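Down below is the structure, laid out as structure tokens.
Every value quoted in this text rests on a predicted model; they were computed, and no experiment measured them. What you see below is based on every heavy atom in this structure, not just the backbone, and it leaves out hydrogens, waters and symmetry mates. Reminder, nothing fancy here: chain letters follow the sequence lines and each chain counts from 1.
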Amino acid sequence: MQRWPVLLFLAWACFLFFSGIGLFTSGFLLMRIELTNRSSCSDPLAAPAWAGQGVAPGACWMPQRVTKAVLLIIDALTFEFARFDPAKAQPRPYENKLGFLHQLAGSQPRHARLYRFRADPPTTTMQRIKGITTGSLPTFIDVGSNFASYAIEEDNLLGQLVENGRRVVFMGDDTWDGLFPQKFFRSYFFPSFNVKDLHTVDDGILQHLYTTVDGGEWDLLIAHFLGVDHCGHKHGPDHPEMAKKLTQMNEMLRSLVDHLANDTLLLVAGDHGMTETGDHGGDSEKEVNAALFVYSKTPLFGAHLPKEPETIPQVNLVPTLALLLGVPIPYSNIGEVMAELFSGDGGAGLAAFSQLLAYRINAGQVDRFLHSYSLAAQDLPAERLRYLRELFSAALEEHDRLLVQVREGLPASPKQEARLGQLVGRFQHYLREARAMCMESWARFHPLRMVAGCALIAASCLLCCVASELAAALDFSYRSRLLYPLLWGLAVAAVLGLAHLLTREGLDLILVVSWSAAASQLAFFWHSWGRRPRRRLRAWQGLVLPMGILFIRCCAMFSDSFVVAEARVAPFLLASLAILLVGKVHWHGRLTTLEAPKQSPGTAFYQKESWRLLCLLAVLLTCLRLSGLFHQCREEIPHCQPSPFLAPLSSLQSTQAKNLFYLLCVVSLAGLVYAVRCWLRHYGNLNSASPLVLFVRWAFPLLAVWIACYWAVTSGAEDTLGKLQELVQVALVGFPQAIYGLASLGLLLVLWTPVTVFVKDSRESVGPIVTPYQGAPSSQADLQHVIPQIYRRMQESLKTQLDRGHRRATLAAYGLGSVYSAALVIVLTLLGLLLLTLHSERMSLAFLLLFLEGFALLHHLEACSVTLVSLFLSEPFVVPWYAVTAWVFAATQFFYSTGHQPIFPAIHWHAAFVGFQESHSTHLLPAVLVGANTFASHILFAVGCPLLLLWPFVCEVPNSQRRKLKKELREEVQEEEEEPMMEMRLRESPERFSAALLQLGLKYLFVLGVQLLACVWAAMILRRHLMVWKVFAPKFLFEALGFMVSSICLLLGIFLVMRVDCAVSAWFEQLQPR
Amino acid sequence: MKDTEIKRLLCAHVISVLSIILTTIVPPLFLENFSVLGTHLIWLCICSICVTTVNIILYIILKPNPSSKRISFAHKVTRFLKCCVFFFISCILFHGIIVLYGAPLVESVLETFLFAVLLSTFTTLHCLCMLGPNIQAWIKVFSKNGAMSIWDNSLQITTMCTIVGAWFGAFPIPLDWDRPWQIWPISCSLGATFGYVAGLIIAPLWIYWNRKQLTYKSR
């Protein structure tokens, strides 16, 4: 049996998928690290005071220039909406509706100005709010300290204001509530979720806006209108409804301006634009092109009036607003101050100085941020950083020289003014370069990488499919199919590595890996071209059913509603597959006996086995339905109540209910352990005295008892135990750690001695017949001793002679027929108990259900394949496609039924603290615990995958017994020829066994890979979709991670089978000499 | 012989289709506020009753599987009672399967049950009319070579189309389109109805198309 080539081949296939995933992820998921540093007033960044400009008390970094500000965010206010073109004769519904802005800007050019406000992708509201408040470029994953909530951890404008004692009042979109919990002095939140609802949020704001403004109890007032955005989503911009909405906004602005005081700054901003269909989220011109309007009743701007509205990046709002309000700029800001707003009504010279000061502070802050960021992460290119550093220090030197001159009191000369202007230009240049660099590394999709990643995954799927076809043929040569492609891949990797070394460019590991993966794939296809075995049409017919269902499942990945509802889609499809299989068996008449005795000829009866099949189907469907009890909720599903089983027992109020549920959990745990023991005993794997069997006999119940004790400790209320508090703390840590320890001991034992076979030797013992006697049988006592021995010996020899008549003395090995699956079942139970500990108590019911469903599914598939096998496939070594598909669906279904959802807030973070009360020192252990909790069903089903191959052999016993019974009835003469071989049939043809394992692994990878491909594709195509960051991207991440976990566990499962095979070979060899 | 049979089949099916169409058109004339979507439960009842009556009348007129034996009146009555029991059991079975497929267990029980009744009318009632309360005959008909006449073939086709239609009807439920017909069980029952109508139309055409290949063993 070829063990290593099979494992290597599968590992190689996994590697191909991984490289595809990596490549796609590097193009799709933009990553950035969040720094937790905060700016404060005492930072030395504040420049030494300029002549004549002392920093006023209460303000920091720069004197406060406006006392109050109103920030109106009109969601999706595109620049096109805000601009007014009087020349247009027939404006479209969204054009020329905000006439009031135009009127203000026209009549008071020093008070009001309109800008193009460039949003940074991803243009989704939450990311944009983060951008407008932190001044950074939020990506999809901002790696921060806290994944569990959406709250902004980075330093931000609101945080700074609150810290400096300002009052921030908010009204509108309730997204802000999640982002800034407890930050607002007063707040009026309105639900933002229903996109179809155009008015709730806006009307709610209008109710409170004017009274709040007049009340004056605020320093910054933020109002976030959603109507325009929702109108875009519902009707698109080119719709009369949009005209109504914009007119309403216009009226709102008009009356708001009447209410404003003289020292108040009004900012009207769109957080992003929208496409022609009203969507946003991507980086197209229309989506990033928003509007910003600035107004104050005191003059703000210089006399200079630009022809066209200027374009300013969105992040520029943050430093500007911070310095205007006299608070420190948030630490991670990379925006640039809007200099015009600092000119004020002073003279030209003073204005220039105050602008320079703003730039100086801004540049210093950005430099400080880049420095700390480059210490925390390596994703900014080092060369660019060095170049920026040089720019900054040069500008700083020049600045200091100028400062000295001004201090010395030299008269302002035109030359000095020119130098001033130049210096401002240098700071500006520095800030823009810094921002451009950050943009390049944080905020850009790489379409080429995404497409290439997709192509790699698709090619890997194809490879799995082709290879699984080829593996069925016996002439599968690992040399041409595995060795050459591997060599090709290594060669390409080596060449690329050398090239990088020679050119001294930074080595992009992902690119190298994916190039080598692509090369090895090409080599594989090159070598297997033209060697396809011809399949008959009938064989293809068997594929229609599983592939059709799989196709439907893949299509479902492209709709956000179906991804949201996947918890119900997966069991629906699995149930359909199971029922259709039975229907197919029925259709081909395999359930009925044709020779119905003594009835009218047109009738048919079900066989006895058919009833078994129908019962299995019923059990399977019931399991599927019951597993729906354990679902977690997503916020997208209205009126959804999360399953009560998800909450820990300690959260239950009533003691009676708590006790009842505790009892139920313990019963289900005991049932699980007992069922496994029963199964093992049934197949005779509990008889031997090997360490593993002893472990199963004694440690399984012990594990169960410990888990029950742990539950008892955790579910008790904290205060009732009073004095035992310390003991409880010890138990909380001790029990889980003991469970981990014992379970890993068990896993090691399985690897060490996986054989659970009991041997009973009935051959002749070659000992002396009687004990040699010394001298003559002198006494009666001696005779009494000898005679029984002689009698026993005679009896034995007589018996063997009689036996020799038709059977030689044999070895009886109990449990040899199920030796492979026994090891797998033991491992699965251990893993199950381990994973169950990581979940909350009542999830043990879900795990019991998982094992039950797995068992029913295996039997169901076995029964179907036995009846269908003669129709489509001739070899029993081939696991049919529908079995693999059903197995994968069951894994997906139990991902949801163990209380998970593919969104970040639904991750069970508490799993990281099972057995570890304090915080962890490393990130690895909690990641492993949480990962194991999240992908529990993926792990179990992937490890158990080889059972699909083994089960038909295990189930051989009852069938052959039945056959035997029939035979005995008919002809009683030939009764001893057929012994059930069970899994030893696999050992008889080791070549086919290894090929079958390889084929099974490849099929499993294919089915998983096709789903992954659909997910990746959906994320790529729908990257402009409204729901991409809420639904598709998290789904992709979970699917990719699930794929990785599954494939690794699949390798482990197959490795385990091979280890058992090794051990069985050794066991046979040991048997030979005896 | 065969052509006349096919014509009779076609006639029967056209009448069935018309009756279903009439269930949507006629009731608004008598009932206020009636619409298929708005008062779906009433429509379900009307449709089930109408299809049942039409099927029974057609069966009495056409007698697709005439038996030569003379049947006593008492036998007829027991037969009818048996049919009723069978129908009821099939409703319960369908209800169970629908719930196992993911329909809510407690809330909207009535909707689910009426949907099960509708499915039973489209499938079981047909079987009862054609084959009588004889499970063995049913099992036989729904296998590869089990059809004994064109009536059996049409039975196979309409039943499968109904089930497949109901299955596809479940697909739009999770979508967020906010349409009135996405509410349980409207899309499924509409799917089943469309499937049934499609089956009624397809069956004679398919049989006509394949009339050369179709050979039936005698009973």
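Atom CZ of A:Arg568 has 12 or fewer heavy atoms from other residues, nucleotides or ligands within 6.0 Å. Around CZ of B:Phe113, the count of heavy atoms belonging to other residues, nucleotides or ligands within 6.0 Å exceeds 12. More than 12 heavy atoms of other residues, nucleotides or ligands sit less than 6.0 Å from atom CZ of A:Phe558.
Heavy-atom distances place the side chain of A:Ile552, and not its backbone, under 4.5 Å from chain B. Interface remark: A:Leu624 contributes no atoms to any contact with chain B (heavy atom separation under 4.5 Å).
Among all heavy-atom pairs drawn from A:His586 and B:Ser143, the shortest one is O-CB, 3.7 Å. The minimum heavy-atom distance linking A:Thr622 with B:Leu100 is given by the pair CA-CD2, 3.8 Å. Minimum heavy-atom separation, A:Ser559 to B:Leu175: OG-CD2, 3.7 Å. In this structure, B:Pro174 and A:Ser561 approach most closely via the heavy-atom pair O-CB, 3.3 Å. Nearest approach of B:Trp167 to A:Ser576, heavy atoms of both residues: NE1-OG, 2.7 Å.
Between A:Trp587 and B:Met160, some side-chain heavy-atom pair lies under the 4.5 Å cut-off. Side-chain contact between A:Val564 and B:Asp176 is absent, with no heavy atoms from C-beta onward closer than 4.5 Å.
With hydrogens and angles disregarded, a donor-acceptor distance shorter than 3.5 Å links the side chain of A:Arg625 to the backbone of B:Val99.
Ring pair A:Phe572/B:Phe171 is perpendicular by interplanar angle, where above 60° counts as perpendicular and below 30° as parallel.
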